[in-house]
Structures are given as C-alpha cells and as structure tokens.
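We use all heavy atoms of the structure for the numbers below, so side chains are in, but hydrogens, waters and symmetry mates are not. Below, chains carry the letters A, B, ... as their sequence lines are ordered, and counting in each starts from 1.
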Amino acid sequence: MSAYFTVRFPLGLVVVSYDEHGSLSRISFDLDFRTSEAPSSSDFARDLARDLDSYLKGNPEPLDQYLDLSFASPFSRSAWKAARQIPFGSVTTYGALAAKLDRPGGARAVGQAMGSNRFPLLIPCHRVVAMGGALGGFGSGLRLKRWLLNLEGVNL
DNA sequence: ACAACTGCATGAA
DNA sequence: TTCATGCAGTTGT
C-alpha cells in the first residue's frame with residue numbers, strides 16, 4: 001500500500017510518494033492540487049521535506065537514501081548514478097555522461113534515462129544539458145530546469 | 001518505433 | 001562569418 005505527502009514550495013507543490021518498505025517511489029513537482037491530501041508523518045518524510053526546503057534555499061541536497069530504483073534498467077541506474085556525481089553548481093552534457101559510461105554515441109539514450117528519472121533534485125538530471133549551450137529537456141518543464149540551475153548559480 | 005542527443009550540410013542575414 | 005534548420009547516425013527501452 002503506497003502513500004504520499006505534499007510539501008509547499010515557492011514554485012508550488014512537491015509531491016512525494018513512497019511504498020510500504022519506506023522507499024521513495026517518486027517525487028514530482030505537481031501543480032495539480034487534487035492530489036493534496038493524506039500526509040504522512042514518518043521520519044524520512046520529514047527529513048526529506050526539510051532537506052528539499054534546504055535545497056531550495058540554495059544548499060546542496062544531502063539525500064541519497066530511501067530511493068527505490070528497482071523499476072529501472074541497469075543502464076538507467078548507472079546513468080543516474082553518474083548524474084548524482086555532478087556537483088551542485090556545475091553541469092555536464094548528455095554526451096559526456098554517455099562517454100563516462102563507455103557508451104560513446106549514447107547521448108540520446110542518456111537523455112531518455114534522464115527523462116525517466118522519478119526523483120528530480122535527488123537525482124539531479126537538471127544538471128545535464130545539451131551540447132552547445134542548449135538546455136536540453138526537462139519533464140517538469142524547461143522553465144523549472146532553468147530556475148533550478150539558476151538557483152545553483154549556473155547561467156546559460 | 002520512439003526519445004530530454006550530436007555532428008555535419010546547407011542556406012539565409 | 002555567424003546563426004537557424006534539417007537530417008542522418010546512434011543507443012537503450
């Protein structure tokens with residue numbers, strides 16, 4: 001039986017879902033208020049809310065626990081793992097990430113993996129941009145991607 | 001078949 | 001020369 005809670009942020013709502021094992025199954029920036037109900041008071045939920053709040057105030061996010069990535073393929077997991085090594089305040093490109101995974105030419109595959117990331121911020125796919133200064137894509141909206149990068153002091 | 005990519009070709013300003 | 005499109009080549013789902 002899964003559950004979720006919502007957290008209010010400057011941009012709107014962040015919806016956090018998790019399963020019965022206490023593993024996060026999804027985080028989304030959700031502007032749809034229909035889902036706002038049934039808050040949970042588990043410890044990690046409070047920790048997550050606090051850390052997300054800290055992040056949005058300009059501090060690097062510390063979270064790396066609770067994530068349940070079992071739903072994804074090995075390639076996607078390794079891509080996310082590589083993405084998590086991108087430090088706060090810097091960016092890399094889809095192609096560079098692919099190269100790091102010994103998959104030159106797999107930039108598009110990396111893009112697909114980033115696109116299926118369920119944990120924005122915790123897996124900072126917003127730090128992966130296109131080659132040549134373009135933003136690339138972002139499931140929650142390019143406006144938000146730019147906003148997050150700007151928050152980290154990155155300007156394109 | 002599709003995708004949150006890239007690199008080269010081509011053409012307009 | 002510098003930018004904007006277009007298209008083919010590639011990899012994983």
Is there a donor-acceptor pair closer than 3.5 Å between any side-chain N or O of A:K145 and the backbone N or O of A:V128? yes

Base, sugar-phosphate or nothing for A:M114? Non-hydrogen atoms, less than 4.0 Å. base

Could you list the protein-to-nucleotides 3-10 of chain C atom pairs, N/O on both sides, closer than 3.5 Å?
{"from": "C:dG9", "atom 1": "O6", "to": "A:R108", "atom 2": "NH1", "distance (Å)": "3.1"}

From CG of A:D102 across to P of C:dG12 the rounded distance in Å is 11 Å

Name the nucleic acid region contacted by A:F75, choosing base, sugar-phosphate or nothing; use a 4.0 angstrom heavy-atom cut-off, strictly under. sugar-phosphate

Between A:R127 (side chain only) and A:L149 (backbone N and O only), is there a donor and an acceptor less than 3.5 Å apart? no

Just to be sure I understand the rule, does A:S116 reach a base, reach only the sugar-phosphate, or reach nothing, if contact means heavy atoms closer than 4.0 Å? nothing

State yes or no: do A:F119 and A:W147 share one hydrophobic cluster built from I, L, V, M, F, W and Y residues joined by side-chain heavy-atom distances below 4.5 Å, directly or via other members? yes

Which value, rounded to the nearest 0.5 Å, describes the distance between A:I123 atom CD1 and A:K81 atom NZ? 12.5 Å

How is A:A109 classified with respect to the nucleic acid when contacts are heavy atoms under 4.0 Å: base, sugar-phosphate, or nothing? base

Stems where DNA chain C pairs, listed by first number, each of three or more Watson-Crick or G-U pairs under 3.5 Å: B:1-3 with C:11-13, B:5-13 with C:1-9

Classify the nucleic acid contact of A:G132 as base, sugar-phosphate or nothing, counting any heavy atom under 4.0 Å across all strands shown. nothing

Check: A:R143 side chain, A:G141 main-chain N or O, donor-acceptor pair, under 3.5 Å: no

Across the strands shown, which category fits A:G136 at heavy-atom distances under 4.0 angstrom: base, sugar-phosphate, nothing? nothing

Heavy atoms, side chains only, cut-off 4.5 Å: are A:W80 and A:C125 in contact? no

